[in-house]
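Model, not experiment: these values are computed from the prediction. To find a chain, count down the sequence lines: A is the first, B the second, and so on, and within it residues start at 1.
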There are 2 protein chains.
Amino acid sequence: MTRRMDPLTAEVVDLFGTVVARYHQEYDAAAAVHHLTGAQARVLALLAPGPLPMRRIAERLKCEPSNITGIVDRLEAQGLAERRTDPADRRVKLAAATEEGSVTAERLRDSLEFAREPLAALSEEERGMLRDLLARMVP
Amino acid sequence: MTRRMDPLTAEVVDLFGTVVARYHQEYDAAAAVHHLTGAQARVLALLAPGPLPMRRIAERLKCEPSNITGIVDRLEAQGLAERRTDPADRRVKLAAATEEGSVTAERLRDSLEFAREPLAALSEEERGMLRDLLARMVP
DNA sequence: CGGTTTCCTTGACAAGCTGAAACATCAAGC
DNA sequence: GCTTGATGTTTCAGCTTGTCAAGGAAACCG
């Protein structure tokens, strides 16, 4: 009943599993430094480029909008985000990073890349190859 | 205050973020097919090679042992795992996959690889390169 | 205007996770 | 042997994430 699986693919999938687990740990750890959970950090990072309706956040994170309500609540409680009513459509609430939130988001991004740097114990050329391969995988 | 960050590394980190998010979605979806959550599926996969003390599971998953208690409880409730007392040390409980649990674990692994296959829209050679690069990243 | 749709929030509930406390068992020293 | 301390698991309270169903407000449309 077992499907034949080419061993190379199996190996790559396994490696991805390991790398993914590691990415998560480091992401959560980096977030914790700023007293954030992983989900809160993800939302804050999403808000960095500019305000976003709650619904858009949910779409990006592939979860229910009701879930975002609580996360933004907690960001707001820490003074990192705020809600504004969209003047163009008073139904929608725009979540926006505060000044402090923007700073935190930037620091978070830096520490993330920094944390992931040793993981990329690869040469410039190898990183380039990796980028190309990964880019092909995300259409 | 911003640390200088070479753009290539930043790009790779971003790509990893995307791939990681995708991996998770697919993993959870594959688990859901078998009426499992992501965490339950991970534990079951860990149990596939053989029984494991609760503590070891926690170490592998990098979480508290008390967390594993609940997860194994739910696997046990579904008849996919069982607890045995280690005869060598009666303090430790060995979690083991049942017959049905083993079958489920195997199916899960297959569907995972299958699900991740389109993601690997890469040639044999490219997959080989990817494997080598990833392998260098996980010491 | 009235009906429908869209956006957000609320409430109830399950699961994952942590930390502290409790309990049983082992292991070492006296 | 007995005591003391360390270890493995569980239980409990508490928080965050996530879902789903229901509700209110605002926009849209006929």
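Looking only at side-chain heavy atoms (C-beta outward), A/Leu130 and B/Leu130 come within less than 4.5 Å of each other. Residues A/Leu61 and A/Leu46 are in side-chain contact: their nearest non-hydrogen atoms beyond the backbone lie under 4.5 Å apart. In this structure, the side chains of B/Leu36 and B/Leu75 come closer than 4.5 Å at one or more pairs of heavy atoms. Contact check for A/Arg56 versus A/Leu94: no side-chain heavy atoms found under the 4.5 Å cut-off.
If you measure from atom NE2 of B/His24 to atom P of D/dT17, you get 15 Å, rounded to the nearest angstrom. Summarising the geometry, the separation between CE on A/Met54 and P on D/dA25 is reported as 18 Å, rounded to the nearest angstrom. Distance CG (A/Leu94) to P (C/dT9): 11 Å, rounded to an integer number of Å. Distance A/Gln25 CD to C/dT18 P: 11 Å, rounded to the nearest Å. Put simply, NZ on A/Lys93 is 15 Å from P on D/dG24, counting in whole angstrom units. The CZ-C1' distance, from B/Arg84 to D/dG8, rounds to 18 Å in whole Å. Going from atom CG of A/Asp86 over to atom C1' of C/dT6 covers 13 Å, rounded to whole Å. As a whole-Å value, the separation of B/Ile57 CD1 from D/dT10 C1' is 14 Å.
Salt-bridge check for B/Asp14 with A/Arg131: failed, with every basic side-chain N at 4.0 Å or more from each acidic carboxylate O. For B/Arg127 and B/Glu124, the salt-bridge test passes: some basic side-chain N is under 4.0 Å from an acidic carboxylate O.
Checking side-chain atoms of B/Thr98 against main-chain N and O of B/Gly79 turns up a donor-acceptor pair under 3.5 Å. A/Glu126 places no side-chain N or O within donor-acceptor distance of the main-chain N or O of B/Leu133, the cut-off being under 3.5 Å.
Between the base of C/dT25 and the side chain of B/Arg90 there is no donor-acceptor pair shorter than 3.5 Å.
If you check residues 29-49 of chain A against DNA chain C, you find no residue with a heavy atom closer than 4.0 Å. Residues from residues 64-75 of chain A placing a heavy atom under 4.0 Å of any atom in DNA chain D, listed by number, are A/Glu64, A/Ser66, A/Asn67, A/Ile71, A/Arg74.
If you take OG1 on A/Thr9 and CG on B/Leu122, they are separated by 9.5 Å, rounding to the nearest 0.5 Å.
For C/dC26, neither phosphate oxygen OP1 nor OP2 lies less than 4.0 angstrom from any side-chain nitrogen or oxygen of B/Arg91.
Place A/Lys62 and A/Asp89 on DNA chain D by their nearest nucleotides, and A/Lys62 ends up nearer the 5' end.
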